[in-house]
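Each remark here refers to the structure printed beneath this line.
This one's a predicted model, so the numbers in the text were calculated from it and none came from an experiment. Each residue takes its place number in the sequence, starting with 1.
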Amino acid sequence: QVQLVESGGGLVQAGGSLRLSCAASGRTFSSAVVGWFRQAPGLGREFVAAIRGSGSSTYYAESVKGRFTISSDIAKNTVYLQMNSLKPEDTAVYYCAVGWGSGNYYSTSWYDYWGQGTQVTVSS
């Protein structure tokens, strides 16, 4: 069984930064793909970014390219999402998820385990 715990969310003004963390227990990230998704009120869960555990490959949604950076620390079994130049439209609950193998990393259905989420609120 894999458990994921997100942290680092909070309230920030537009233009500010936050760093989210996703810590895993139960299985190593080294061969996994870890994704970040977000869900705003009344909307579906959307892809934000993903990383192959070793950091060899990263993937981003167009809406966050150039502002968000995903990275991993395999020794700590933790994946980070550095979010800069935040906008009010980035406000959402952010979730991390993990899966193994290859496939459509942009789809929620590909992932095997999910965290509980952390709230990010960006004020204008």
Side-chain angles (χ1 to χ4, degrees):
Q1 188 71 12
V2 175
Q3 289 190 327
L4 303 176
V5 178
E6 303 98 335
S7 61
L11 173 64
V12 65
Q13 289 189 330
S17 299
L18 285 173
R19 189 177 80 156
L20 306 184
S21 299
C22 173
S25 60
R27 193 169 172 182
T28 179
F29 274 167
S30 61
S31 60
V33 173
V34 178
W36 283 99
F37 289 76
R38 66 188 181 187
Q39 188 166 16
L43 299 179
R45 198 167 293 191
E46 67 169 352
F47 173 80
V48 175
I51 186 169
R52 184 161 289 282
S54 62
S56 58
S57 298
T58 57
Y59 313 86
Y60 293 96
E62 285 296 324
S63 59
V64 306
K65 276 183 180 178
R67 300 190 298 124
F68 292 10
T69 303
I70 191 169
S71 62
S72 62
D73 185 334
I74 298 303
K76 295 183 178 179
N77 223 30
T78 299
V79 168
Y80 304 98
L81 186 68
Q82 178 67 43
M83 306 187 297
N84 298 329
S85 302
L86 282 161
K87 304 175 182 180
E89 51 263 44
D90 294 317
T91 295
V93 178
Y94 283 70
Y95 300 88
C96 67
V98 65
W100 283 264
S102 60
N104 183 3
Y105 311 136
Y106 298 84
S107 172
T108 58
S109 62
W110 184 81
Y111 292 85
D112 298 313
Y113 298 96
W114 290 82
Q116 292 301 306
T118 185
Q119 176 71 47
V120 171
T121 303
V122 184
S123 63
S124 58

Please list, one pair per line, the donor and acceptor atoms closer than 3.5 Å that link side chains of residues 116-123 to other protein atoms, with sequence neighbours excluded.
from: Thr118; atom 1: OG1; to: Gly9; atom 2: N; distance (Å): 3.2
from: Gln119; atom 1: NE2; to: Ala92; atom 2: O; distance (Å): 3.4
from: Gln119; atom 1: NE2; to: Thr121; atom 2: OG1; distance (Å): 3.3

Under 3.5 Å, sequence neighbours excluded: what are the donor-acceptor pairs made by side chains of residues 19-37?
from: Thr28; atom 1: OG1; to: Ser30; atom 2: N; distance (Å): 3.1
from: Thr28; atom 1: OG1; to: Ser30; atom 2: OG; distance (Å): 3.4

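Hydrophobic clustering keeps Tyr106 apart from Val64 (ILVMFWY residues linked when any side-chain heavy atoms are closer than 4.5 Å, directly or through intermediates). Side-chain heavy atoms closer than 4.5 Å link hydrophobic residues (I, L, V, M, F, W, Y) into clusters, and following such links, possibly through other members, connects Ile51 to Tyr113.
The two residues Ala50 and Tyr111 make their nearest non-hydrogen contact at CB-OH, 3.8 Å. Residue Ser124 comes nearest to Ala14 through the heavy atom pair CA-CB, 4.4 Å, listed as atom of the first residue, atom of the second, then distance.
Between Thr69 and Leu81 there is no side-chain heavy-atom pair separated by less than 4.5 Å. Between Gln82 and Ser17 there is a side-chain heavy-atom pair separated by less than 4.5 Å. In this structure the side chain of Trp114 never reaches within 4.5 angstrom of the side chain of Glu6, judged on heavy atoms.
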*Please test Val98 against Asp112 for side chain to side chain contact (heavy atoms under 4.5 Å, CB included), starting from the C-alpha separation and ending with a verdict.*
CA-CA 6 Å; Val98 65; Asp112 298 313; 5.7 Å; no
*Check the pair Tyr94, Gln39 against side chain to side chain contact (heavy atoms under 4.5 Å, CB included), reporting the backbone distance first and the verdict last.*
CA-CA 7 Å; Tyr94 283 70; Gln39 188 166 16; over 6 Å; no
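Each of Asp90, Asn84, Leu11, Val12 was compared with Leu18 under the side-chain contact (heavy atoms from CB on, under 4.5 Å) criterion, and only Val12 meets it.
For the pair Arg38 and Tyr95, the cation-pi criterion (under 6.0 Å, within 45° of the ring axis) is not fulfilled.
Side-chain atoms of Thr91 come within 3.5 Å of backbone atoms of Pro88 as a donor-acceptor pair (strictly under, hydrogens ignored). The main-chain N or O of Ile74 is never found under 3.5 Å from a side-chain atom of Ser72 such that the two would form a donor-acceptor pair.
Enclosure of atom CD in Gln3 is not indicated, since only 12 or fewer non-hydrogen atoms of other residues, nucleotides or ligands lie within 6.0 angstrom.
Applying the ring pair (Phe, Tyr, Trp, His ring centres under 6.0 Å) test to pairs two or more places apart or on separate chains, those with a residue in residues 51-85 are Tyr59-Tyr105.
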